[in-house]
Amino acid sequence: MEPVDRPSEIVAPYDPGQVETKWRARWAERGTNVANIANAARPYYALMMFPYPSAEGLHVGNMFAFTGNDIFARFQRMQGLDVFEPLGYDAFGIHSENYALKVGVHPAEMIPRNIANFRRQLERGGLMVDWSRSLSTTDPEYYRWTQWVFLQLYKKGLVHKKAAAVNWCPTDKTVLANEQVINGECERCGSKVEQRFLEQWFFAISSYAERLLNNLDTLDWSETTKTAQRNWIGKSEGAEIWFDGIKVFTTRADTIYGATYVVLAPEHPLVDAHTTESQRAAVESYRERAARRDLVSRKTTKEKTGVDTGSTVTNPATGEKIPVWISDYVLMEYGTGAIMAVPAHDERDLEFAHGFELPVKRVVHEDDTLIESGEFTGMTVHAAKHAIVASLAARGKASPVTNFRLHDWCISRQRYWGPPIPIVYCDDCGVVPVPEKDLPVLLPMIDDFKPDDSGISPLARHDEWYRVPCPTCGRMARRETDVSDTFLDSAWYFLRYPSVGDDTVPFDAAITKKWLPVDSYIGGNEHAVLHLLYSRFVTMVLCDMGLIGFEEPFTKFRAHGLIIREGAKMSKSKGNVVNPDEYIDTWGADAFRTYLMFLGPFEEGGDFRDKGISGVKRFLDRLWASVRDRVAGGPADREVERKLHATIKKVGEDIPRLSYNTAVAAMMEYMNVLRKSDRVPSRAEVEPLVQLVAPFAPHLAEELWEQLGHDASIFDSRWPSFDPSLLAQDEIELVVQVNGKMRGKISVPVDVTQDAALSLAMRDPAIAKFVASPPRKVVFVRGRLLSVVV
RNA sequence: GCUCGGAUGGCGAAAUGGGUAGACGCGAGGGACUUAAAAUCCCUUUCCCCGUAAAAGGGAGUGCCGGUUCGAGUCCGGCUCCGAGCACCA
């Protein structure tokens with residue numbers, strides 16, 4: 001039965017606060033946003049990166065990103081898909097811990113408060129989030145499975161413990177992440193950061209480098225994100241070459257005839273063996289100085305230092321004896337920790353050679369052919385690379401090697417606020433992983449969680465916690481006291497969401513098969529490398545273990561842009577932060593959402609201008625009024641009808657491209673056309689517009705949909721379709737150019753021929769006056785323009 | 001230094017299989033309604049020249065310099081500036 005046109009006689013003026021409160025309650029009551037996880041016919045997983053629940057509350061940048069995802073999700077639902085839009089909290093980590101230390105509140109107390117506040121703000125934003133499947137990484141029912149992930153990788157042989165250099169602040173007595181070291185100084189106290197060697201747990205992500213790189217070609221991700229990952233993985237093909245007992249890595253084997261010395265990293269194990277007695281003291285003192293330099297300043301200082309070891313090795317190509325130096329411009333972590341230096345063709349080597357008066361020998365001519373290179377002279381660089389490696393390889397002096405700059409992932413943190421690493425050390429059994437049945441290893445509630453001078457986790461002060469029986473032999477043993485990196489929490493959370501509620505498994509096999517991989521993922525490009533790479537790695541490993549059936553977690557990924565205000569990124573110190581609550585109070589969540597989407601392209605972000613929201617609010621007010629005042633019936637006017645169908649087409653094309661700003665503009669245009677016709681709009685003219693607006697302004701759309709007589713949610717209605725035949729026009733405006741300049745427009749039938757168009761154009765005096773002589777050439781683009789050349 | 005983005009009115013921005021540059025919105029100016037204000041509604045709004053009661057005309061214009069083309073914001077070559085990321089990776 002056709003619904004009656006006016007179920008409610010008088011519609012009150014549009015009051016966003018009232019409408020939004022009503023519909024949030026209605027959605028909760030009806031379970032509108034709860035996905036049918038078990039029985040969905042056409043599952044669609046629309047994910048956004050979960051936030052860190054800060055004490056400051058939700059940031060506009062969060063709202064911008066979440067709204068962008070929400071619009072896409074709601075649109076997909078109106079296409080008839082069963083959409084799952086979950087949201088949780090990334091609440092472990094150094095950020096929470098430092099903040100807790102600063103304000104003197106325990107993180108275990110602070111985080112639930114922050115989450116409650118986030119939840120309140122997120123709900124006000126009108127997101128279609130299925131709150132029945134939320135999660136927090138700090139919940140033991142979540143992190144027991146984070147520990148489980150660790151154990152799976154351990155089982156697969158991808159977890160190792162080794163000593164590694166870390167940044168150490170002697171004042172704060174803590175390990176610092178690289179991001180916390182500014183110009184070699186601690187960001188908090190300003191003291192000079194030192195380098196320390198500590199035992200750390202590593203995930204062998206580098207053994208997946210080739211696959212992580214190759215799979216990128218199969219992903220529907222923005223190119224900038226893929227490029228960032230390619231650069232980070234940093235594949236480089238070259239060769240390892242023996243200079244007597246020293247193996248170097250190079251990508252420029254073609255320049256070997258110009259290699260005039262060899263350089264070892266200061267911590268290279270062969271340094272001792274290659275140091276002569278007379279140089280020993282100098283070498284030792286250099287090594288000590290180098291060890292004390294922190295990682296950051298070592299990697300940013302350009303000026304080259306170094307010491308001659310006094311010994312020489314043979315250049316395997318020339319047979320010449322060349323000196324061996326040590327310098328910290330050669331990094332132990334990359335390649336073999338040793339290089340052949342070719343100062344003529346490498347900037348860094350040249351700088352070093354100049355500093356220490358080492359010889360410089362050119363071996364490549366400007367046209368990329370080799371000179372002074374023995375039998376290889378005259379070859380191109382490209383050909384020589386292969387020929388030289390092949391020739392050296394034949395003598396057992398070289399082999400082709402591919403190197404990656406991707407390092408193994410250090411996952412241990414000497415901190416408190418994270419999941420304890422599930423390992424036990426037993427004097428008899430050695431390193432024993434905690435059995436899965438004993439998970440979670442609970443993070444104990446301790447008050448003295450401030451890091452100290454020891455360089456080990458605060459948990460190590462609590463023997464009542466770390467002293468446990470060995471899971472294997474039952475004798476007293478001790479727990480690992482480090483916790484794992486926050487990035488491990490977020491490297492698998494997308495697997496958990498659909499299975500939240502089932503505490504017997506990390507993710508249910510059938511549900512996972514139905515819902516994953518994630519269909520659409522939206523987040524910030526600041527995670528282009530770390531989070532997105534770690535998630536891909538963990539997914540690949542779980543796939544290899546047969547635990548899931550796909551190796552890439554995110555089929556499609558789009559990065560959203562940044563919101564700036566007054567020309568700068570929002571920050572408390574600049575005082576340009578926008579509080580979403582205030583805007584929603586004043587304008588309503590629908591206007592706020594729509595404005596955020598309108599202020600610029602979603603993937604680029606934009607400038608938040610305080611008054612900009614008024615235009616969007618006006619549009620929503622007009623929509624409200626046009627539905628309120630509508631008359632029954634269909635379009636009264638061919639122009640309006642055409643515009644309506646063009647708008648349905650445009651908005652339907654723009655939303656999947658995340659071109660939200662132009663979708664909003666198109667709806668505004670339609671509204672303007674509707675208003676111009678100077679009559680009361682009809683039901684059929686406004687009803688589809690309410691549906692188009694729904695993803696942007698969901699509360700308002702629901703309210704208007706109800707006023708139009710519908711009982712069910714507008715989000716269970718089908719997206720309106722357009723009739724292509726209505727878009728076709730009989731008469732079009734043809735642009736006429738003369739010598740490339742626009743000289744006029746003529747109204748012609750859509751199927752006009754070139755000749756007919758030309759003669760029509762010549763009849764227009766404003767155009768004809770520019771055509772003094774017969775045309776030399778005429779270009780005719782059907783339906784677009786006529787270009788006359790004289 | 002390397003990589004990736006970007007540069008269009010007073011402002012946020014539209015438009016790329018080359019085809020009317022500035023849609024949509026903000027701001028600004030003017031007007032209607034009102035005792036008044038707010039709200040609402042209407043008009044104008046890239047720059048320059050000529051000119052008018054109002055108009056009609058003409059020229060220039062998408063960071064800069066060149067090129068291809070009947071035609072370039074869009075394609076090609078060479079720059080400048082801004083932003084982000086990586087940064088001694090051999």
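Letters A, B, ... are given to chains in the order of the sequence lines, protein chains preceding strands, and every chain is numbered from 1. Just so we're clear, the structure is a prediction, and the values are computed from it rather than from any experiment.
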Using a cut-off of under 3.5 Å, enumerate the N/O to N/O pairs linking the protein to nucleotides 43-48 of chain B.
none

**OP:** Let me know the distance between CE of A:Met668 and P of B:C24, rounded to the nearest Å.
**Re:** 11 Å
Original post:
Expressed in angstrom and rounded to an integer, what is the separation of A:Asp629 atom CG from B:U40 atom P?
Top reply: 15 Å
Original post:
Would you say a side-chain N or O of A:Arg776 is under 4.0 Å from OP1 or OP2 of B:C70?
Top reply: no
Original post:
Taking atom C1' of B:G85 as reference, at what distance in whole Å does atom CG of A:Leu532 sit?
Top reply: 14 Å
Subject >> Phosphate OP1/OP2 of B:A90 contacted by A:Tyr334 side-chain N/O (<4.0 Å) >> reply: yes
Subject >> Short side-chain N/O contact from A:Arg622 to OP1 or OP2 of B:C41, under 4.0 Å >> reply: yes
Subject >> Rounded interatomic separation in angstrom, taking CD from A:Glu237 and C1' from B:A90 >> reply: 15 Å
**OP:** Can you label the angle between the A:Phe64 ring and the A:His560 ring as parallel, tilted or perpendicular, going by 30° and 60°?
**Re:** perpendicular
Original post:
In chain order, what residues pass the side-chain contact (heavy atoms from CB on, under 4.5 Å) check against A:Lys643, with sequence neighbours excluded?
Top reply: A:Thr647, A:Glu669, A:Tyr670, A:Val673
**OP:** Report yes if at least one side-chain N or O of A:Lys741 is closer than 4.0 Å to OP1 or OP2 of B:A60; otherwise report no.
**Re:** yes
Subject >> For the student: nearest non-hydrogen atoms of A:Leu406 and A:Ile205, plus distance >> reply: CD2-O, 4.0 Å
**OP:** Give the B/S/- string for nucleotides 1-13 of chain B, one per nucleotide from 5' to 3', where a protein heavy atom under 4.0 Å of the base yields B, of only the sugar-phosphate yields S, and otherwise -.
**Re:** --SS------BBS
Original post:
Within this structure, what is the CZ-to-C1' distance between A:Phe619 and B:U40, rounded to whole angstrom?
Top reply: 17 Å
Original post:
If only side-chain N and O atoms of A:Lys745 are considered, is one of them under 4.0 Å from the OP1 or OP2 phosphate oxygen of B:U20?
Top reply: no
Original post:
OH of A:Tyr660 versus P of B:A23: gap in Å, rounded?
Top reply: 25 Å
Subject >> Separation of the P atoms in B:A72 and B:G63, to the nearest angstrom >> reply: 15 Å
Subject >> Under the ring pair (Phe, Tyr, Trp, His ring centres under 6.0 Å) test, residues paired with A:His354 that sit two or more places apart >> reply: none
Subject >> Partner set under salt bridge (charged side-chain N to carboxylate O under 4.0 Å, His left out) for A:Lys649, not counting sequence neighbours >> reply: A:Glu653
**OP:** Give each stem of RNA chain B as a range with a range, requiring at least 3 consecutive Watson-Crick or G-U wobble pairs whose two distances are under 3.5 Å.
**Re:** B:1-7 with B:80-86, B:10-12 with B:24-26, B:27-32 with B:40-45, B:46-49 with B:57-60, B:63-67 with B:75-79
**OP:** May I have all residue pairs that pass salt bridge (Lys or Arg N to Asp or Glu O under 4.0 Å) and include part of residues 397-408 of chain A, sequence neighbours excluded?
**Re:** A:Lys162-A:Asp408
Original post:
Considering residues at least two apart in sequence or located in another chain, which fulfil the salt bridge (charged side-chain N to carboxylate O under 4.0 Å, His left out) criterion with A:Asp764?
Top reply: none
Original post:
If only side-chain N and O atoms of A:Arg618 are considered, is one of them under 4.0 Å from the OP1 or OP2 phosphate oxygen of B:C26?
Top reply: yes
**OP:** Scan for salt bridge (Lys or Arg N to Asp or Glu O under 4.0 Å) pairs involving residues 737-762 of chain A, sequence neighbours excluded, and state none if there are none.
**Re:** none
Original post:
Side-chain N or O of A:Thr662 less than 4.0 angstrom from OP1 or OP2 on B:C24?
Top reply: no
Original post:
Does A:Asp328 pair with A:Arg289 as a salt bridge, N-O distance under 4.0 Å?
Top reply: no
Original post:
What pairs with A:Asp349 under salt bridge (charged side-chain N to carboxylate O under 4.0 Å, His left out), at least two apart in sequence or on another chain?
Top reply: none
Original post:
Among the nucleotides B:G19, B:C86, B:C41, which one has an atom lying closest to any side-chain atom of A:Arg784?
Top reply: B:G19
Original post:
Mind checking the P distance from B:G73 to B:U62? Whole angstroms is fine.
Top reply: 7 Å
Original post:
Can a donor-acceptor pair under 3.5 Å be found between the side-chain atoms of A:Glu526 and the base atoms of B:G85?
Top reply: no
Original post:
Should the ring pair A:Phe356 and A:Phe352 be called parallel, tilted or perpendicular, given that the plane angle runs from 0 to 90° and is split at 30 and 60?
Top reply: tilted
**OP:** Starting from C1' on B:C26, measure out to CE on A:Met597 and report it in whole angstrom.
**Re:** 18 Å
Subject >> side-chain contact (heavy atoms from CB on, under 4.5 Å) partners for A:Arg230, two or more places apart >> reply: A:Leu213, A:Leu216, A:Asp217, A:Glu223, A:Lys226, A:Thr227
Original post:
Between B:C70 atom P and A:Leu734 atom CG, what is the distance in whole Å?
Top reply: 19 Å
**OP:** Determine which pairs satisfy side-chain hydrogen bond (donor to acceptor under 3.5 Å, both in side chains) with at least one residue from residues 781-790 of chain A, sequence neighbours left out, and list them in order.
**Re:** none
